[in-house]
Structures are given as structure tokens and as C-alpha cells.
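Every chain is numbered from 1, with letters handed out A, B, ... down the list of sequences. Every heavy atom of this structure was used, including side-chain atoms; hydrogens, water molecules and symmetry mates were not.
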Amino acid sequence: MPPVLAAMENAGIRIDPDQLHRLSHDFSMRMAEFEAEAQKLVGRPFNLGSPKQIGDILFGEMSLPGAKKTASGAWGTDASMLEELAAQGHALPRILLDWRQLSKLKGTYTDNLIQAVAPRTGRVHTSYALASTTTGRLSSNDPNLQNIPVRTEEGRKIRKAFVAEAGNVLISADYSQIELRLLAHIGDIPQLKQAFKEGLDIHAMTASEMFGVPVEGMPSDVRRRAKAINFGIIYGISAFGLANQLSIPREEAGAYINTYFERFPGIREYMDKTKALVREQGYVSTIFGRRVNIPDIRGLTPAHRQFAERAAINAPIQGAAADIIRRAMIRMPVALKDAGLSARMLLQVHDELVFEAPAAEAEAVCVLASRVMKHAAEPAVALTVPLEVEARAAANWDEAH
DNA sequence: TCGGCAAGCCAC
DNA sequence: AAACGTGGCTTGCCGA
């Protein structure tokens, strides 16, 4: 490698290979048990990794109800389908779901991350693409470190294997609900802006506003629905998509959306304005001036046009968040140096930055990184909502997150 | 043996 | 019907 490139090589992050080896073995053993169980139920060997064989077994041989076809005409066997069948009391779908989870974790993460350790540094060095997304986000590849599991307990075992060197800590600093905050700013939504200023639970506030349920003692399912709606809004919501996400009838999802627009009329205005704008000029812009091209929207079929419209609604929000964290990243090395800190910035995960620092610097890095991130929009843009950052230090990524 | 597509699933 | 946005990566499968 030429010296200039060697000097620019990214710091990489340490993983504990022993931990991942143990995990890989554990996953293998448990997958073998699920496989034996599944084959006993079916009465013969089959490939649990083959959606085609699974579809034939579930809907051909066993004639289970609710079969759906994929775009190419094959039986669909994705997780939501298997969950439905499992809820009806069928044993095989649950085993397949459990097997798939472990297969995913082992195949995509555990085994691959061990392979990805660079012998020269003993660390994993991802590559970031700076111009590969339409919205301005970075993307990460070889290996992708922007999709390390976090949702399930099994998945978090992988995240725990991302560790600091002895004497160091990992520090994770992430923006709290940055996209909803940007929606509140861009759409100029008074209730949302006020809620963020007061530091309220935004999903509970949404639920309360929509369903008239007090925030105190709110049932978790009510909040969960409001949260799904808030995410849906950012994605350019459709009744079909929300219905699918919440496993509810489309009519009910449509009613939720109508109620939402009644309570937050500024959001509908933002969406209508954005659609008109993209039709007119063939692009939309973030508040920092980044353009996202969405050309020829007029020539598309209705389905394609609606897809493009949702992308146009999402792009200024997702793109502004990308702009802000980029600004923070640019300022971070200088800010650390000026503060006399030897911390290094290791990873970016869209709304999160991960650092490694001597344990003695932990608190100072949390404070400094939070400050730089919170003010990263300035002075280019004066946001009318505060940005909040949560920062924590720990020996591994899971506990820092 | 290779490349590409389909299906599926991980993250934000 | 590209049936809620942005990505990367795996296995199975098929044809060159």
C-alpha cells in the first residue's frame, strides 16, 4: 500500500474473536437441533435454507392457510408469514423462524466478522462510501458495520464482541430522534416542536394527541402504534404500508392516518408541497442545500409515481440528518485535538458516532462529542428544535449503545 | 465456475 | 402495485 494511503487508513475497531468463535459454535449446535426437529415434523430431510422447499412444504404438502405469492409467483415464506402461521399454533413455522434467526446471525455476522479481522492491525476496517446513496447518507461495506444486530438478545451477543483495547473504552454518541425533530422543524409543526423543547416522550405525545389517551399510564400497545405512525410519516406514509407494519386492516390504518393529519395539519401541507415541488423541478433539497434528484416524475405510472413521491417526502428529512452528522464528523477530530483528547472516531451509523478513548477520557469525550453533534447544524441553519445526543462509555459496543 | 436474480433479513 | 424511506449481504437457484 502506498504510504499516503497507509497514513489515511481508518482506525478500525477491535472485535474479540474468541467471543465470536464461541458464539458461532453455539449457533451451529442450536441450528442442528432445530434442523432435526423440523425434519422430524416433516418426516424427511429438507434444506431449511431454501424458501422454495419451505413454501412447497407449508402450502403444498401441509396446505396451511393464508398462502401468498411473491412477485415471481413463488410461495412467500418471509418472517411475517411464518409468524402468522406460528400464532395459529403450527409447530414448524416457529422452528423455521428460530433457525433462520441463528442462520442469519452466524452466516452474515459471526463467521464473517472473524474473517474480516485484518492480520496487520488485529481490527476490522470497514469501507465507507461517501456518495453511494441518493439522500446523502454514507454506506458501509466489506464488512457493513452499519447493520450490526441490536434488536434481539441473540443479536446483541454479536454487538458485545465489538470491544475497546485494554485500558480503553468505546463511546457511542447518538442523536435522539433526529429525523422526527427535523420533520418538526421543516414542516413547522407547533405541537411537535413544543414537545421536543419540553423533552417529552414524542411517541406517547403523538398517541395522546391522536387517541385522546393520557400519557400517564398509557398502554404500551397504544404507544407502539403511534411510534409506527411517526416512522411511517417520515417514510411518506401509505395506508397499505402502515397496515402491513402493524398487521391491521388497511381501512383502520387509513383512519389512523386521517386522524394524524387532522391533528398535525402542517405535515399534510409539507407532503403536498413537497410533491408539487418535485413535480415542478425534478428534485428536492435539504435545508442545507443538498439536492436529491427525482426526475421525470410526471412520466411514471401511478404506482411508480407514488413511490417517487414517498422518496421525495423522505429525502429532505433523511438527507438533512445526513448533512448534520457529516458536519459533526468534519469538526470532530479538530475538536478532540483542541481539547487535548486522544480519542479516535471509529464508526458512523447514520445517527451515531462511535469513538475509542483511554478510560480516563470517557467522560470528557462524551461531553465534547455531544456538544459538537448538538450544534453541528450551526451556523448554516438555525434549527427551531433542539437536537439531543445520548452518549455513553463502556467496554463493548452493546453496553455503550 | 461464474454472474445475476430472487427471497429474505440485518441496521437506521 | 417499486403496496412506508435509505442501504449491504447471504443463500439458493439457474443459465452461460
[X] side chain, from C-beta outward: closest of [options]:
{"X": "A:Q53", "options": "C:dC13, C:dC4, B:dA7", "value": "C:dC13"}
{"X": "A:T108", "options": "C:dC4, C:dT10, B:dC10", "value": "C:dT10"}
{"X": "A:R310", "options": "C:dC13, C:dC4, C:dT6", "value": "C:dC4"}
{"X": "A:T133", "options": "C:dT6, C:dC9, C:dC4", "value": "C:dT6"}
{"X": "A:A303", "options": "C:dG5, C:dA1, C:dT6", "value": "C:dA1"}
{"X": "A:P51", "options": "B:dC10, B:dA7, C:dG5", "value": "B:dA7"}

Does [X] reach a base, just sugar-phosphate, or nothing at all? Heavy atoms under 4.0 Å.
{"X": "A:R137", "answer": "base"}
{"X": "A:N147", "answer": "base"}
{"X": "A:S139", "answer": "sugar-phosphate"}
{"X": "A:I237", "answer": "base"}
{"X": "A:G236", "answer": "nothing"}
{"X": "A:T134", "answer": "sugar-phosphate"}

Nearest 0.5 Å, what's the CZ-CG distance between A:F264 and A:L183?
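The CZ atom of A:F264 sits 10.0 Å away from the CG atom of A:L183.
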
Which distance, rounded to the nearest 0.5 Å, do you find between the CD1 of A:I158 and the OG of A:S24?
9.5 Å

Would you name the heavy atoms of A:A393 and A:I171 that are closest together and state the gap between them?
CB-CG1, 3.7 Å

For A:T274 and A:A312, work out which heavy atoms get closest and say how close.
CG2-O, 3.3 Å

Near-strand residues of residues 75-103 of chain A, defined as heavy-atom separation under 4.0 angstrom from DNA chain B
A:G76, A:T77, A:D78, A:A79, A:R100

Short of 4.0 Å, heavy atom to strand atom, which residues of residues 247-278 of chain A count as contacting DNA chain B?
none

Under-4.0 Å side-chain N/O to phosphate OP1/OP2 contact, A:N47 with C:dG12:
yes

State whether A:S50 places a side-chain N or O below 4.0 Å from either non-bridging phosphate oxygen (OP1 or OP2) of C:dC13.
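For C:dC13, OP1 or OP2 has a side-chain N or O of A:S50 closer than 4.0 Å.
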
Check: A:Q146 side chain, A:S140 main-chain N or O, donor-acceptor pair, under 3.5 Å
yes

Using only atom types and a distance under 3.5 Å, with no angle test, would you say the side chain of A:H375 pairs donor to acceptor with the backbone of A:R371?
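Indeed, once roles are kept as given, a pair shorter than 3.5 Å links the two residues.
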
Taking the P atom of each, how far is B:dC9 from C:dA1, in whole Å?
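The answer is 24 Å between these two P atoms.
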
Gap in Å between the two P atoms, one belonging to C:dA3 and one to B:dA6, rounded:
14 Å

Contact list for residues 90-100 of chain A, test salt bridge (Lys or Arg N to Asp or Glu O under 4.0 Å), sequence neighbours left out
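The answer is A:E83-A:R94.
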
Atom-pair distance ([atom1] on [X]; [atom2] on [N]), nearest Å:
{"X": "A:D111", "N": "B:dC10", "atom1": "CG", "atom2": "C1'", "result": "15 Å"}
{"X": "A:N244", "N": "C:dA1", "atom1": "CG", "atom2": "C1'", "result": "13 Å"}
{"X": "A:F46", "N": "C:dG12", "atom1": "CZ", "atom2": "C1'", "result": "15 Å"}
{"X": "A:R159", "N": "B:dC12", "atom1": "CZ", "atom2": "C1'", "result": "10 Å"}
{"X": "A:E352", "N": "C:dG7", "atom1": "CD", "atom2": "P", "result": "20 Å"}
{"X": "A:K227", "N": "B:dC12", "atom1": "NZ", "atom2": "P", "result": "11 Å"}

Lys/Arg cation over aromatic A:Y283: A:R291, 6.0 Å, 45° cone
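Output yes; distance and angle both within limits.
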
What's touching nucleotides 2-6 of chain B from the protein side, N or O pairs under 3.5 Å?
from  : atom 1 : to    : atom 2 : distance (Å)
B:dA6 : O3'    : A:S72 : OG     : 3.2

Starting from the C-alpha separation in whole Å, work towards a yes-or-no answer on side chain to side chain contact (heavy atoms under 4.5 Å, CB included) for A:R392 and A:H401.
CA-CA 7 Å; A:R392 197 176 9 249; A:H401 186 64; 6.0 Å; no

Heavy-atom donor-acceptor pair, A:K104 side-chain to B:dC9 base, under 3.5 Å
yes

Under 3.5 Å between N/O atoms: give me all the protein pairs with nucleotides 14-16 of chain C, atom names plus distance.
none

Stacked pair A:Y235-C:dG5, distance under 5.5 Å, angle under 30°:
yes

Specify whether A:W75 and A:F59 have parallel, tilted or perpendicular ring planes, treating 30° as the upper limit for parallel and 60° as the lower limit for perpendicular.
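Because their plane-to-plane angle lies in the 30° to 60° range, the rings of A:W75 and A:F59 count as tilted.
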
Counterpart residues, ring pair (Phe, Tyr, Trp, His ring centres under 6.0 Å), relative to A:Y270 (two or more places apart):
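For A:Y270, no residue satisfies ring pair (Phe, Tyr, Trp, His ring centres under 6.0 Å) once neighbours in sequence are set aside.
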
Test side chain to side chain contact (heavy atoms under 4.5 Å, CB included) on A:D174 and A:S172 and set out the steps.
CA-CA 6 Å; A:D174 69 283; A:S172 162; 4.3 Å; yes

Going by side chain to side chain donor-acceptor pair (under 3.5 Å), A:T384 matches just one of A:H185, A:R181, A:K197. Which one?
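Going through A:H185, A:R181, A:K197 one by one, the side chain to side chain donor-acceptor pair (under 3.5 Å) with A:T384 is satisfied by A:H185 alone.
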
